[in-house]
Q: 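I have a structure here, written as structure tokens, and I will follow up with some questions on it.
All residue numbers in this chain count up from 1 along the given sequence. It should be emphasised that the depicted structure is a prediction, and the values quoted were computed from it without experimental measurement.
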Amino acid sequence: MKDRLVSECLKAFTKRQRMILFALLALTVFLGLLFPLLLSSDPRSVLSLSREYRPGELADEDVIAPLDFSYIDDAATADETAEAARSVLPYFYYSASQSMSIRSVAEDFTEAVKRGETVDYVLKGGVPDVENVSTRLDEVPESDRALLASLINEGVVYLLDEGVFSEDDISTIESGGYRSFVIEDSGLPFRYEGQIRRVNNIILSSNIYEAISLKAAQNYPELPSAYTTLVADAVSMLVSPNVFYDALLTTSRRESRAAAVPPVLVEIHRGDYIIQRDTVVTEQQLRTIQRIYDSAVVSVSFQKAFGYLVFLVLIALILIYLLFYFIKYRYRLSLYSTIFLVGIDLTLVASYFLYRFLPEEGITYIDPFLPFILLPALATSITGRRRVGFSVALVLASFASIYPRSRFFSFFYFLAIIECCLMFIRFGSERLDIIYQTLFSAIATAGITVLVSFIYDLEFSVVFTSAIAAGLNVVFSFILLSVILPVIEKIFNIPTAYRLHELSFTDTPTLNRLSQVAPGTFNHSKNVSEMAYDASKAINANADLARVAGLYHDIGKAEHPEYFIENQNGKNAHDEINKTLSAAIIKSHVKLGVEKAKEIGLPQEVIDIISEHHGNDLIKYFYNEAVREAKENRSSIVSEEDFRYNGHIPSSVESAVVMLADCTEAATRTLKNPNHQKYEKFITNIIIDKMNYKQLNNSQLTINDLDKIKESFIHYLLGRDHQRIEYGKE
């Protein structure tokens, strides 16, 4: 069982996702190990400063080097290297082959102009003629064709000699901040070889018309404007860029220039002034101090550090395993793992700074201040499962337990307060729920903090401060959760309880259109939605997801509503077409529904249910009709595949519930004088039929679940089809 889960876990990630996951796991373990090691030996004890300085400030003190020290200033080296690389202008090269090709085409074209066969040449040569130049040239009087051919050829030669550049190449170098470039000196007959040119002095392919028009106006002022325009259009049609950006050469020259820059070596001797009083503090001085801090020896043995490393790796792997175990939608596993690992990294960073700076403010009991509530609450709200939030809490508590200032009960303290907060989270949609969960969580957390403070025998003032800090920690965490959760919902299209509640409103453009063009389908969808909601609640499934999926499961029917019986009024559109086509139309509503769902941005979980709500079941009515007609006409055998839906069988509990609700709601409308017994027998047959056709094999529904679903359906249908007493006319 364990090996199968591990194998499935690996298959749930693509190669790229596995690389990202490995990188994030490595980063998480690295930060989890680094911060405790840094805190174990405060490097600022090597070189004490009265305060933290920033570049440009005046120093309040003399800072003297405590030892001989030298280092390579990576920042200064990087600055000089970047400046050296940037000093190399972009390189362009002249394409002789492209120029010869353009000139050859131009010569053939001008010969065709002289003969009055331009249209034929363009058609045979495949030259794009957007401006209808060929027709216009052929309509020129024969006496003027030679002149125009000469002018066209002259314009082409002029442009090729000047060089024509691509807008994309120029945009590329301009985006890098360059307004000049160098033409590569390759020994070709180009007038600008080895020269520096400016962007504003070149001809772009989009400016050919203007360049030729201006040149013609200068050289041939007497030329009619119509001929000027015609020549410019012809040249624009024939000429394309012949000078191109050489990214490879540019990169090579820049790398060579950067490689020639020597590293910046900073040497400090014991007793030297690093900073002097009343002088301006520079970035290099601060980097020197930071390098002294970074070189301080951490007072943790190798064995202890190795033990920490193995412990953190195991905890990180356990998190991935638990996420796979608790998250049923495998395509969400990569996304959730990424979100939670990034969240853990940010939490570790924030915790490190609190561990680092709170003691300077006289606060010794730091646990209540750590931001360990937000991420587990976010994980719970995103996935809808408290177990996922608790898994994240387990990792955070484990990481915090190795910090040097952690106490004996820190691990259990974090688990206790986070679990209390998670238990008060309600997956509802009312605004008061947020207030209630914040209030109760803050009170519970403050109470646990007081209890642990008593165990630590802290002073009353510390107990009071810690309780207030723990309560405010909860309040701020849930405020941040209220801000972050909608953003993550929107960006990643995650179906949280709040998102599903928004989607459950029927007053949306898609459902409004469905109610107008297919009122029968709309009413059917509303009933399926409520049936699926009630049944999912009965078996502790995601009722909100089932409700939304029920509302949208048949939106594909809006395209051809007249072919579905619930929208027909006497006339059956299927009477006029063969049964195979009827089945194809019926099947198409699933594909159309999936496409529409993607178009309007429904969550993938809802789209999956839409695509699976018929599984690969047989459209029995049309299949049986087709078989009957085949027997009567003694025609070929009818293929079952033509009458089967093309979807996958339901892959989740909610998908199976929607399938059963859809089938039950539609089929039970045919019952005469329905009652509890008839409904029970009818729904039982539907469930057995789905089981016989293996439509529920992947749904993970149990027999007990099916019994609860059946009872829920019966209860709803009795309410839907209840009879009123007949009132008199008076």
Q: Once rounded to the nearest 0.5 Å, what's the spacing between atom CD1 of Ile20 and atom CG of Leu25?
A: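 Between atom CD1 of Ile20 and atom CG of Leu25 there are 12.0 Å.
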
Q: Any side-chain heavy atom of Leu551 sitting closer than 4.5 Å to one from Phe505?
A: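 They are not in side-chain contact.
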
Q: Side chains of Asp345 and Thr28: any donor to acceptor distance under 3.5 Å?
A: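 There is such a pair between these side chains.
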
Q: After noting the C-alpha distance and the side-chain angles of Leu148 and Leu137, does the key distance pass the side chain to side chain contact (heavy atoms under 4.5 Å, CB included) rule?
A: CA-CA 8 Å; Leu148 290 179; Leu137 284 170; 4.1 Å; yes

Q: Could you check whether any side-chain heavy atom of Ile494 comes within less than 4.5 Å of a side-chain heavy atom of Arg499, counting everything from C-beta outward?
A: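 No, too far: nothing below the 4.5 Å cut-off.
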
Q: Should we say atom CD of Glu595 is surrounded by more than 12 heavy atoms from elsewhere, each under 6.0 Å from it?
A: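 Above 12, so yes.
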
Q: Between the main-chain N or O of Ser225 and the side-chain N or O of Thr229, is there a donor-acceptor pair closer than 3.5 Å?
A: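 Yes, because the side chain of Thr229 sits within donor-acceptor range (under 3.5 Å) of the backbone of Ser225.
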
Q: Any Lys/Arg nitrogen of Lys114 or Glu142 sitting under 4.0 Å from an Asp/Glu carboxylate oxygen of the other?
A: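 No, Lys114 and Glu142 are not salt-bridged.
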
Q: Can you tell me how far the OG1 atom of Thr251 sits from the OH atom of Tyr91, to the nearest 0.5 Å?
A: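 Result: 12.0 Å between the selected atoms.
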
Q: With distance as the sole test, does Ser101 use its side chain to make a donor-acceptor pair with the main-chain N or O of Gln98 at under 3.5 Å?
A: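 Between the backbone of Gln98 and the side chain of Ser101 there is no qualifying donor-acceptor contact (under 3.5 Å).
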
Q: With no hydrogens and no angle check, just 3.5 Å: does a side-chain donor-acceptor pair link Ser99 and Tyr94?
A: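 There is such a pair (donor and acceptor under 3.5 Å, judged by atom type) between the side chains of Ser99 and Tyr94.
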
Q: So, Thr135 and Asn132: side-chain donor and acceptor under 3.5 Å apart, yes or no?
A: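 A pair is found: one side chain offers a donor N or O, the other an acceptor, under 3.5 Å apart.
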
Q: Would you say Glu489 and Asn493 are linked by a side-chain donor-acceptor pair, where the criterion is simply a distance under 3.5 Å?
A: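 No, because no side-chain N or O of Asn493 sits under 3.5 Å from a partner of the opposite role on Glu489.
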
Q: Test side chain to side chain contact (heavy atoms under 4.5 Å, CB included) on Lys591 and Asn646; report intermediate values, then the result.
A: CA-CA 9 Å; Lys591 181 180 178 182; Asn646 300 322; over 6 Å; no

Q: Report yes if some heavy atom in the side chain of Leu341 is under 4.5 Å from a heavy atom in the side chain of Leu21; otherwise report no.
A: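 Yes, side chains in contact.
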
Q: When you measure from the side chain of Ser150 to the backbone of Ala146, do you find a donor-acceptor pair of N or O atoms at a distance under 3.5 Å?
A: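 No, Ser150 side chain to Ala146 backbone: no donor-acceptor pair under 3.5 Å.
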
Q: Could you please spell out the steps behind the side chain to side chain contact (heavy atoms under 4.5 Å, CB included) verdict for Leu151 and Leu223?
A: CA-CA 11 Å; Leu151 292 176; Leu223 189 68; 3.7 Å; yes

Q: Got a salt bridge between Lys596 and Glu599, using NZ or NE/NH1/NH2 to carboxylate O under 4.0 Å?
A: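 Looking at Lys596 and Glu599, the cut-off is met.
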
Q: Would you name the heavy atoms of Ala597 and Ile610 that are closest together and state the gap between them?
A: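 Closest approach of Ala597 to Ile610, heavy atoms only: CB-CD1, 3.7 Å.
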
Q: Between the side chain of Ser252 and the main-chain N/O of Leu249, is any donor-acceptor distance below 3.5 Å?
A: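 Between the backbone of Leu249 and the side chain of Ser252 there is no qualifying donor-acceptor contact (under 3.5 Å).
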
Q: Please check if the distance between the ring centroids of His589 and His613 is under 6.0 Å.
A: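 They qualify: ring centres under 6.0 Å apart.
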
Q: Measure from the side-chain N and O atoms of Glu167 to the backbone N and O of Ser206, and report whether any donor-acceptor pair falls under 3.5 Å.
A: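 Present.
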
Q: For Gln516 and Phe522: C-alpha separation, side-chain torsions, deciding distance, then whether side chain to side chain contact (heavy atoms under 4.5 Å, CB included) applies.
A: CA-CA 9 Å; Gln516 293 169 4; Phe522 179 69; over 6 Å; no

Q: Backbone N or O of Gly615 within a donor-acceptor pair of the Arg644 side chain at under 3.5 Å?
A: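 No; judged by distance alone, with no hydrogens or angles, the pair does not exist.
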
Q: How far does OG of Ser525 sit from NZ of Lys557, to the nearest 0.5 angstrom?
A: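 The OG atom of Ser525 sits 7.0 Å away from the NZ atom of Lys557.
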
Q: Do Leu378 and Ile488 have side-chain heavy atoms sitting under 4.5 Å apart?
A: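 The answer is yes; the side chains approach within 4.5 Å.
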
Q: Start with the C-alpha gap between Arg513 and Glu559, add the side-chain angles, then the distance that decides, and say whether salt bridge (charged side-chain N to carboxylate O under 4.0 Å, His left out) holds.
A: CA-CA 10 Å; Arg513 180 173 182 270; Glu559 301 304 318; 3.6 Å; yes

Q: Going by heavy atoms in the side chains, are Thr510 and Leu514 under 4.5 Å from each other?
A: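 Answer no - side chains too far apart.
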
Q: Less than 3.5 Å apart, any donor N or O on the side chain of Glu162 or Tyr192 sitting next to an acceptor on the other?
A: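 Side-chain D/A pair, Glu162 to Tyr192: present.
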
Q: Apply salt bridge (charged side-chain N to carboxylate O under 4.0 Å, His left out) to residues Lys215 and Glu154 and explain how you reach the verdict.
A: CA-CA 10 Å; Lys215 191 69 175 177; Glu154 181 181 336; over 6 Å; no

Q: Is any side-chain heavy atom of Tyr158 less than 4.5 Å from a side-chain heavy atom of Ile203?
A: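 The answer is yes, as the side chains (C-beta and beyond) meet within the 4.5 Å cut-off.
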
Q: For residues Asn242 and Ser95, is any side-chain donor paired with an opposing acceptor at under 3.5 Å?
A: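 Distance-only check fails for Asn242 and Ser95.
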
Q: Do you know the tightest heavy-atom contact between Tyr178 and Val88?
A: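 In terms of heavy atoms, the two residues are closest at OH-O, 3.7 Å.
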
Q: Test your reading of the model: is there a side-chain donor-acceptor pair from Ser337 to the backbone of Leu333, 3.5 Å cut-off?
A: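 Yes, the answer is positive, given that a donor and an acceptor are paired below the 3.5 Å cut-off.
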
Q: Take the angle between the ring planes of Tyr336 and Phe340 and call it parallel below 30°, perpendicular above 60°, tilted in between.
A: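 Ring orientation, 0 to 90° scale: parallel.
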
Q: Is it the case that Thr110 and Asn153 place a side-chain donor and acceptor less than 3.5 Å from each other?
A: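 No pair is found: no donor N or O on one side chain lies under 3.5 Å from an acceptor on the other.
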
Q: Given Glu184, which of Phe190, Tyr93, Phe244 fulfils the side-chain contact (heavy atoms from CB on, under 4.5 Å) condition?
A: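 Filter result, single survivor: Tyr93.
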
Q: Measuring from Arg179:CZ to Asn200:CG, what's the distance to the nearest 0.5 Å?
A: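 Between Arg179 CZ and Asn200 CG, I get 6.0 Å after rounding to 0.5 Å.
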
Q: Indicate whether the side chain of Ser180 and that of Arg197 have a donor and an acceptor atom separated by less than 3.5 Å.
A: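 No, no side-chain donor-acceptor contact under 3.5 Å.
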
Q: Between the side chain of Ser515 and the main-chain N/O of Asn512, is any donor-acceptor distance below 3.5 Å?
A: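 Present.
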
Q: So which heavy atom on Arg332 is nearest to which on Pro603, and how close?
A: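 The answer is NH2-CB, 4.4 Å.
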
Q: Could you tell me whether a side-chain N or O of Ser175 sits under 3.5 Å from a main-chain N or O of Thr172, the two making a donor and an acceptor?
A: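 Confirmed, Ser175 side chain pairs with Thr172 backbone.
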
Q: Go through Asp233 and Arg136 one step at a time and tell me if the salt bridge (charged side-chain N to carboxylate O under 4.0 Å, His left out) criterion holds.
A: CA-CA 10 Å; Asp233 285 338; Arg136 291 157 57 195; 3.0 Å; yes

Q: Hey, does the side chain of Asp185 reach the backbone of Glu193 with a donor-acceptor pair shorter than 3.5 angstrom?
A: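 Such a contact is absent between Asp185 side chain and Glu193 backbone.
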
Q: Just verifying a value: how many Å separate Ser171 OG and Glu174 CD, rounded to the nearest 0.5 Å?
A: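 Rounded to the nearest 0.5 Å, the OG-CD separation comes out at 6.0 Å.
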
Q: At what distance, to the nearest 0.5 angstrom, does CD1 of Ile173 lie from CG of Asp168?
A: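 Nearest 0.5 Å value for the CD1-CG distance: 12.0 Å.
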
Q: What about the rings of Phe92 and Phe165, do their centers lie closer together than 6.0 Å?
A: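 Yes - the distance between ring centres of Phe92 and Phe165 falls below the 6.0 Å cut-off.
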
Q: Using a 4.5 Å cut-off on heavy atoms from C-beta on, say whether the side chain of Tyr227 contacts that of Val140.
A: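 Yes - at least one pair of side-chain heavy atoms lies under 4.5 Å apart.
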
Q: Is any side-chain heavy atom of Leu500 less than 4.5 Å from a side-chain heavy atom of Thr496?
A: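 No, their side chains stay 4.5 Å or more apart.
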
Q: For Leu89 versus Thr250, what's the shortest heavy-atom pair and its separation?
A: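 Closest approach of Leu89 to Thr250, heavy atoms only: O-CG2, 4.2 Å.
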
Q: Check this for me: does any side-chain nitrogen of one of Arg287 and Asp73 sit under 4.0 Å from a carboxylate oxygen of the other?
A: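 The answer is yes: the pair qualifies as a salt bridge.
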
Q: If you compare all heavy atoms of Ser240 against all heavy atoms of Val164, which two are closest, and at what distance to 0.1 Å?
A: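 What the structure gives for the nearest pair is O-CB, 4.0 Å.
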
Q: How far apart are the closest heavy atoms of Ala234 and Ile152, and which atoms are they?
A: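 Residues Ala234 and Ile152, closest heavy atoms: CB-CD1, 3.6 Å.
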
Q: Is there a donor-acceptor contact under 3.5 Å linking the side chains of Asp608 and His648?
A: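 No pair is found: no donor N or O on one side chain lies under 3.5 Å from an acceptor on the other.
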
